[in-house]
Amino acid sequence: MVKKRLKLKQDISELKEISKLTEKFKEEAKKERPEIAIMEKLFDELYLYSVKDHLTGTFNRRLLDELLTKEVSRAIRNGLALSVIIVDVDNFKDYNDKYGHLQGDEALRTFTRVVQKNIREEDFVIRYGGEEFIIILPETNTNKAREIAERIKKDVESVMVKHVHKRLKLKKGFEKITASFGIAELKGKGEKALHE
């Protein structure tokens, strides 16, 4: 709960900062001599906004190719391990149909909180599709990736999804979700060298 408040506070702070930058940018633009630093900061903020999934707080699919290309190049150049975990929240369409989209959104947020808790700062989580996620694990071999996937799987199965419908009584089962995992490790050269 404290982390959620801090995250919300951080998001609000970021929005206020973007708003201040926008106003400053408008002022400078009116003078017909915008400051480069302000423009760069504004473009950085806009870029971050465009690559972030606002429901889950993870990166979105737009950033996947860029991150994967960068990490594959770095792994090959430095002779490092690189693994990717592909995750699918099980039966998510049925979950949404049975409990509603607001409850489905909360299930996805709960899932991503569990994932974020179980990975390192240098790892990346990308929301690939509705309920599909990709976790990029730099400097991580298959065995370590498997340990991480098992830990996430166990935590996902033990966590309770919060009831978000204040007036709607949900049938039993909304509190639990499960997920399926696939793991690939870089072998050879290029993104196509990621093997199961």
Can you measure from CD1 (I183) to CD1 (I148) and round to the nearest 0.5 angstrom?
8.5 Å
Going from CZ on R127 to CG on L64, what distance comes out if it is rounded to the nearest 0.5 angstrom?
14.5 Å
Under the side-chain hydrogen bond (donor to acceptor under 3.5 Å, both in side chains) rule, collect the residues that match up with K176, sequence neighbours excluded.
none
Got a sec, which residues hit side-chain contact (heavy atoms from CB on, under 4.5 Å) with L63, two or more places apart in sequence or on another chain?
Y47, V51, F59, E66, L67
Please list all pairs meeting ring-ring contact (aromatic ring centres under 6.0 Å, His included) that have one or both residues in residues 106-160, counting only residues at least two apart or in different chains.
F111-F133
K153 NZ to T178 OG1 distance, which is reported to the nearest 0.5 Å
6.5 Å
My understanding is that only residues two or more places apart in sequence, or in another chain, count here; which of them pass salt bridge (charged side-chain N to carboxylate O under 4.0 Å, His left out) with E131?
none
For R120, which residues count as a salt bridge (charged side-chain N to carboxylate O under 4.0 Å, His left out) partner, sequence neighbours excluded?
E122, D123
Please list, chain by chain and in numerical order, all residues satisfying salt bridge (charged side-chain N to carboxylate O under 4.0 Å, His left out) with K172, sequence neighbours excluded.
E175
Listing request: all ring-ring contact (aromatic ring centres under 6.0 Å, His included) pairs with a residue in residues 75-96, at least two apart in sequence or in separate chains.
Y95-Y99
Is there a donor-acceptor contact under 3.5 Å from the side chain of E157 to the main chain of A179?
no
Hey, is the main chain of L80 close enough, under 3.5 Å, to the side chain of N78 for a donor-acceptor pair?
no
Please round to the nearest 0.5 Å and tell me the distance separating atom CG of L108 and atom CD1 of I177.
7.0 Å
Taking salt bridge (charged side-chain N to carboxylate O under 4.0 Å, His left out) as the definition, give me every residue that meets it alongside D88, ordered by chain and number, with sequence neighbours left out.
none
For I126, is there any backbone N or O sitting under 3.5 Å from a side-chain donor or acceptor partner on D53?
no
Looking only at heavy atoms, the pair that brings R62 and S50 closest together is NH1-CB, 3.2 Å
If two hydrophobic side chains count as joined below 4.5 Å and joins carry through other members, does I76 share a cluster with L82?
yes
Enter the distance from L137:CG to E185:CD here, rounded to the nearest 0.5 Å.
10.5 Å
Write out all pairs satisfying salt bridge (charged side-chain N to carboxylate O under 4.0 Å, His left out) with one or both partners inside residues 90-99, taking only residues at least two apart or from two chains.
K93-D97
Is there a side-chain contact between I134 and V87, using heavy atoms and a 4.5 Å cut-off?
no
Indicate, with yes or no, if I86 and V72 share a hydrophobic cluster defined by side-chain heavy-atom contacts under 4.5 Å among Ile, Leu, Val, Met, Phe, Trp and Tyr.
yes
Calculate, to the nearest 0.5 Å, the distance between atoms NE2 and CG belonging to H163 and L170 respectively.
3.5 Å
Quick one: list whatever passes side-chain hydrogen bond (donor to acceptor under 3.5 Å, both in side chains) with T58, sequence neighbours left out.
T56
Could you state whether F181 and V125 fall into the same hydrophobic cluster, counting links through intermediate Ile, Leu, Val, Met, Phe, Trp or Tyr residues with side-chain heavy atoms under 4.5 angstrom apart?
yes
Exercise: identify the closest heavy-atom pair between R113 and E106
NH2-OE2, 3.2 Å
For residues T142 and S83, report the shortest heavy-atom separation together with the two atoms involved.
N-OG, 3.6 Å
Joint hydrophobic cluster, V89 plus L102, side-chain heavy atoms closer than 4.5 Å
no
Can you confirm whether more than 12 heavy atoms, excluding those of R74, are under 6.0 Å from its CZ atom?
yes
Sequence neighbours left out, what passes side-chain hydrogen bond (donor to acceptor under 3.5 Å, both in side chains) with N96? Give chain and number order.
H101
Is there a path of hydrophobic side-chain contacts, each under 4.5 Å between heavy atoms of I, L, V, M, F, W or Y residues, that connects L55 with V115?
yes
Residue set satisfying side-chain hydrogen bond (donor to acceptor under 3.5 Å, both in side chains) with N118, at least two apart, ordered chain then number -> R151, D155
Keeping T140 on the side-chain end and A145 on the backbone end, is there a donor-acceptor pair under 3.5 Å?
no
